[in-house]
Undergrad: 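Let me give you the structure first, and then I'll get to my questions.
In what follows, every chain begins at residue 1, and chains take the letters A, B, ... in the order their sequences are listed.
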Amino acid sequence: MRYTKALLPTQKEAPADAISTSHILLLRAGYIRRVGAGIYSFLPMGLRVLRNIEKIVREELAEQGAEEVLLPALLPAEYFRETGRFDGFGDTLLRLKDRKGGDYHLGPTHEEIITDLARREIQSYRDLPKNLYQIQTKFRDEPRPRGGLLRCREFIMKDAYSFDADLEGAHASYERMRVAYRRAFDRMGLRYRMVGADSGAMGGSQSAEFQVLVQSGEDFLAACNHCEYAENLEVAEPVRGAEEPLAAVPERKELHTPGKGGIDSVAEFLGAGPERFLKSLLYWADKELVLVVLRGDHEVSEVKLARALGVTDVRLASPEDVREKTGAAVGFAGPVGFSGRVVVDPDARAVSDGITGANKTDYHLEHVQFGRDYQGEILSVRAMREGDPCPRCGNPVQIFRGIEAGHIFVLGTHYSAKMGAEFLDDKGEKRPIVMGCYGIGISRLVATIIEQHHDDSGIIWPLSVAPYPVHIVQVGESDAVREASARIERELKEAGIEALVDDRNERPGVKFKDADLIGIPLRVTIGDRGLASGQVELKERTQADPKQVTLLPLEEAASTLVRRIRNELAGTPERG
RNA sequence: CGGGGUGUACCUCAACUUGGUAGAGGGCCGGCUUUGGGUGCCGGACGUUGUAGGUUCAAAUCCUAUCACCCCGACCA
């Protein structure tokens, strides 16, 4: 593609409302444009990346025996009504009416539609197993679209559905999808973890999320760099030592700590480490006030707290509530003599000689010990921290943010039972089909890959998904440059490789900046300077130093590139 | 849904506090210049100041309503 013919509108500055790296770069490099909140157009370059991602996914799914279908995006309400999801989906479902007033909606996911297909077309155990998938636009009226392509109201998703005669078969299908996902994400060059997901509402027996490790994700994960351990911070359980008897300590004593409310300031004032403190936080758990006691250097996980208490809503009490309940200003609350429900994290319980608030403004207590000085329910409510030992291998874990790029799920008979998708087994008995569903956020992946593959200058596409593998930059307007460029372009084309050719009448600096921004992995620079000795320059986008170039004889340039590209695309790393 | 913020040229922003009829840089168009990391100079086009109403001799500016968008949280098969 010649740059002068392409729609490739790069920009120096991004709109102020773009915050995430991928959003900024996708806009600046001319891959997407915003049409509405969470609604985007793909420009030619963006579409090429999208297609490359789709291609990888299609190949890996085909490898595992899945077949592609295309279900409608516009759906009559009757199907979701059958499973109660027309109402159950709530405001997330984009509803509309046709001219006769009939209820319709745009598909947020397609379990009902595929199950309907299955109940009509699958009659016998001989028809099983099947695995059907589509790559399709989904619509969800998200409460808060964000991050450009990361969370949209209209987005492209690959959704697959497996149909098996029994749970064993369903698990085998699930395994095959797991393999397909691993291979696909590996090929895209992603660093990710499979995370055991909270198998919640769907009544499924097994599920896993594929979380891509980035700084800007929506979920917090604890992950280990030494093994494959990764868990959502909402579930991750810190490793605790064996429960040891507490050491004998002196009687508790009051300390005057004027104006020293927060852990850090008291710790400094008293010259004691924060791990010696018992941090006491007052929470509203639904309608009840609960005092939560943690070790001073730990943080509460509100999700874990809510789950441990069996309540739906957990909220930090206001300063007024604290004053009223404890009789002291914020920062001086403590479990000793506290009247009300007290929850103690195991790590706080293990502090044998603690310092905590005296429930009296400007006073703390020292030599405080669980059992002797205060009581409470022992519940694990602290969040895992960066550096905590990995529950699996003991090395320190790191905290990452994650973007959910895929989710695989054994559904069981949830939908098939409700919708009567049954088959006759070999004994002639009717049984519900056992299903699984498997999603990949295709359009989200475009952004996700950038979140992991960029530098200060722009995008750094992995070769497997790059809009073009090669970017030819013509420096200067001489006939020699033009001819050399056309020659390499032609030779690449003969080998089936497309190149983006920057034939604009722009200064070299402009072209180099744009090339870095656009992020094509291999850049060939052709100028009179090199051509004087019959050479062109090859520079890899991963190489930060602009002077780091390889000189190639013009006549070998194309063949060298072809070899490089074929080698790299063939040598797909395999990671389990 | 709760909290915070923003709407002015294609983009980034200024002028708003203290009302006097809109400006800079980038981009775009033309000319000259320059030609290996966003060249320099000259000239030019582009605005119902989100929308509606109100106050006023006069509104980007003050008031009211409304819409849109962004951020944090809640939510997220």
Undergrad: Which one, rA74(B), rG36(B), rC69(B), comes nearest to the side chain of Asp17(A)?
TA: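 It is rC69(B).
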Undergrad: Given Leu106(A) and Leu74(A), is the side-chain contact (heavy atoms from CB on, under 4.5 Å) satisfied, shown in steps?
TA: CA-CA 5 Å; Leu106(A) 298 174; Leu74(A) 176 64; 4.0 Å; yes
Undergrad: Could you identify which residues of residues 436-454 of chain A place a heavy atom less than 4.0 Å from some atom of RNA chain B, listed by residue number, or say none?
TA: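 When residues 436-454 of chain A is checked for heavy atoms under 4.0 Å from RNA chain B, there are no hits whatsoever.
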Undergrad: Go through residues 32-45 of chain A and report each residue with a non-hydrogen atom lying under 4.0 Å from RNA chain B, sorted by number.
TA: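 Arg34(A), Ala37(A) - these, ordered by number, are the residues of the stretch whose heavy atoms sit under 4.0 Å from the strand.
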Undergrad: Using a cut-off of 4.0 Å on non-hydrogen atoms, how would the nucleic acid contact of Ala18(A) be classed: base, sugar-phosphate, or nothing?
TA: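 Counting heavy atoms under 4.0 Å across all strands, no contact is made by Ala18(A).
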Undergrad: Have a look at Gly530(A) and say if it touches a base, only the backbone sugar-phosphate, or nothing, with a 4.0 Å heavy-atom cut-off.
TA: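 Base contact.
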Undergrad: Quickly, which of Ser162(A), Ser173(A), Ser207(A) forms a side chain to side chain donor-acceptor pair (under 3.5 Å) with Tyr438(A)? Name it, please.
TA: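 The passing option is Ser162(A).
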Undergrad: Which listed nucleotide (rU39(B), rC71(B), rG36(B)) is nearest to the side chain of Arg529(A)?
TA: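 Shortest atom-to-atom distance from the side chain points to rG36(B).
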Undergrad: So if I take every side-chain heavy atom of Glu13(A) and compare against rG36(B), rC71(B), rG25(B), which nucleotide ends up nearest?
TA: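 For the Glu13(A) side chain, the nearest candidate turns out to be rG25(B).
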Undergrad: Determine the interatomic distance between P on rU8(B) and the same-named atom on rA60(B); round to the nearest Å.
TA: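 It comes out at 15 Å once rounded to the nearest Å.
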Undergrad: Looking at rC70(B), rU12(B), rG36(B), which one has an atom nearest to any side-chain atom of Pro15(A)?
TA: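 Of all the options, the side chain of Pro15(A) is nearest to rU12(B).
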Undergrad: Can you check the distance between rG26(B) and rU39(B), where both ends of the measurement are the P atom (answer in whole Å)?
TA: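 One P to the other, the span is 11 Å.
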Undergrad: So what stems show up for RNA chain B if we need 3 or more Watson-Crick or G-U pairs in a row, all under 3.5 Å?
TA: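 Stems found: B:1-7 with B:67-73, B:10-13 with B:23-26, B:28-32 with B:40-44, B:50-54 with B:62-66.
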Undergrad: State whether a side-chain donor-acceptor pair under 3.5 Å links Gln452(A) with Tyr192(A).
TA: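 No, no side-chain donor-acceptor contact under 3.5 Å.
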Undergrad: Does the side-chain contact (heavy atoms from CB on, under 4.5 Å) test come out yes or no for His471(A) and Arg541(A), once each step is laid out?
TA: CA-CA 10 Å; His471(A) 191 156; Arg541(A) 181 60 184 86; over 6 Å; no
Undergrad: Distance check, P atoms only: rU12(B) and rG27(B), in whole angstrom units.
TA: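 Going atom to atom, P in each nucleotide, I get 15 Å.
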Undergrad: With a 4.0 Å cut-off on N to O distance, would you call Glu540(A) and Arg564(A) a salt bridge?
TA: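 Between Arg564(A) and Glu540(A) there is a salt bridge, with a charged N closer than 4.0 Å to a carboxylate O.
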Undergrad: Taking the P atom in each of rA45(B) and rU51(B), what is the distance between them to the nearest angstrom?
TA: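 Each nucleotide's P atom is 24 Å from the other's.
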Undergrad: What is the minimum heavy-atom distance between Pro72(A) and His110(A), and which atoms define it?
TA: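 Smallest interatomic distance, heavy atoms only, reads O-NE2, 2.8 Å.
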Undergrad: Can you name the nearest heavy-atom pair linking Leu294(A) to Glu299(A), along with the distance?
TA: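 Between these two residues, the closest heavy atoms are CD1-C, 3.9 Å.
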Undergrad: Between the base of rG36(B) and the side chain of Glu537(A), is there a donor-acceptor distance below 3.5 Å?
TA: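 Checked by distance alone, the answer is yes.
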Undergrad: Could you give the distance separating rU56(B) and rG38(B) at their C1' atoms, to the nearest angstrom?
TA: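 Roughly 48 Å separates the two C1' atoms.
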Undergrad: May I ask you to say whether Asp502(A) pairs ionically with Arg504(A), meaning some side-chain N is under 4.0 Å from a carboxylate O?
TA: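 Counted as a salt bridge, because a side-chain N and a carboxylate O are separated by less than 4.0 Å.
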Undergrad: Would you call Lys97(A) and Asp103(A) a salt bridge, using N to O less than 4.0 angstrom?
TA: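 Here Lys97(A) pairs with Asp103(A) in a salt bridge, since their nearest N and O are under 4.0 Å apart.
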Undergrad: What class does the angle between the rings of His407(A) and Phe409(A) fall in, given that below 30° is parallel, 30 to 60° is tilted and above 60° is perpendicular?
TA: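 Because their plane-to-plane angle lies in the 30° to 60° range, the rings of His407(A) and Phe409(A) count as tilted.
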Undergrad: Is the base of rU34(B) touched by the side chain of Arg507(A) through a donor-acceptor pair closer than 3.5 angstrom?
TA: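 Check passes, donor-acceptor contact within cut-off.
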Undergrad: May I ask you to verify whether the side chain of Arg151(A) and the base of rC76(B) hold a donor-acceptor pair under 3.5 Å?
TA: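 Side chain to base: pair present.
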Undergrad: Taking atom P in both rG19(B) and rA24(B), compute the distance separating them and give it to the nearest angstrom.
TA: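 These two P atoms come out 24 Å apart once rounded.
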Undergrad: Both Asp219(A) and Ile526(A) contact RNA chain B. Taking the nearest nucleotide for each, which residue is further toward the 5' end?
TA: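 By nearest-heavy-atom nucleotide position, the 5'-most residue is Ile526(A).
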Undergrad: Does the cation-pi check pass for Arg182(A) over Phe210(A), that is, NZ or CZ under 6.0 Å from the six-membered ring centre and within 45° of its axis?
TA: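 No, Arg182(A) does not lie over the aromatic ring of Phe210(A).
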Undergrad: Please work out if Gly476(A) contacts a base, only the sugar-phosphate, or nothing of the nucleic acid, heavy-atom cut-off 4.0 Å.
TA: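 Contact class for Gly476(A): none.
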Undergrad: Which is it for Tyr133(A) and Asn131(A) under the side chain to side chain donor-acceptor pair (under 3.5 Å) test, yes or no, and what are the steps along the way?
TA: CA-CA 7 Å; Tyr133(A) 76 94; Asn131(A) 189 321; over 6 Å; no
Undergrad: Taking the P atom of each, how far is rU34(B) from rG40(B), in whole Å?
TA: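 Taking atom P in both rU34(B) and rG40(B), they lie 14 Å apart.
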Undergrad: Given that Pro143(A) and Ala16(A) both sit by RNA chain B, which one's nearest nucleotide is further toward the 5' end?
TA: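 The answer here is Ala16(A).
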Undergrad: In whole Å, what separates the C1' atom of rU61(B) from that of rA22(B)?
TA: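 It comes out at 12 Å once rounded to the nearest Å.
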Undergrad: Tell me whether the side-chain N or O atoms of Arg523(A) pair up with the base of rG37(B) as donor and acceptor below 3.5 Å, since no angle test is needed here.
TA: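 Per atom types, the contact qualifies.
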Undergrad: Whether Arg144(A) contacts rA74(B) is assessed here as follows: a side-chain N or O lying under 4.0 Å from the phosphate OP1 or OP2. Is that the case?
TA: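 Indeed not, no polar side-chain atom of Arg144(A) lies that close.
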Undergrad: Give Gln11(A) one of three labels, base, sugar-phosphate or nothing, depending on what nucleic acid heavy atoms sit under 4.0 Å from its own.
TA: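 The answer is nothing, as Gln11(A) stays clear of every strand by at least 4.0 Å.
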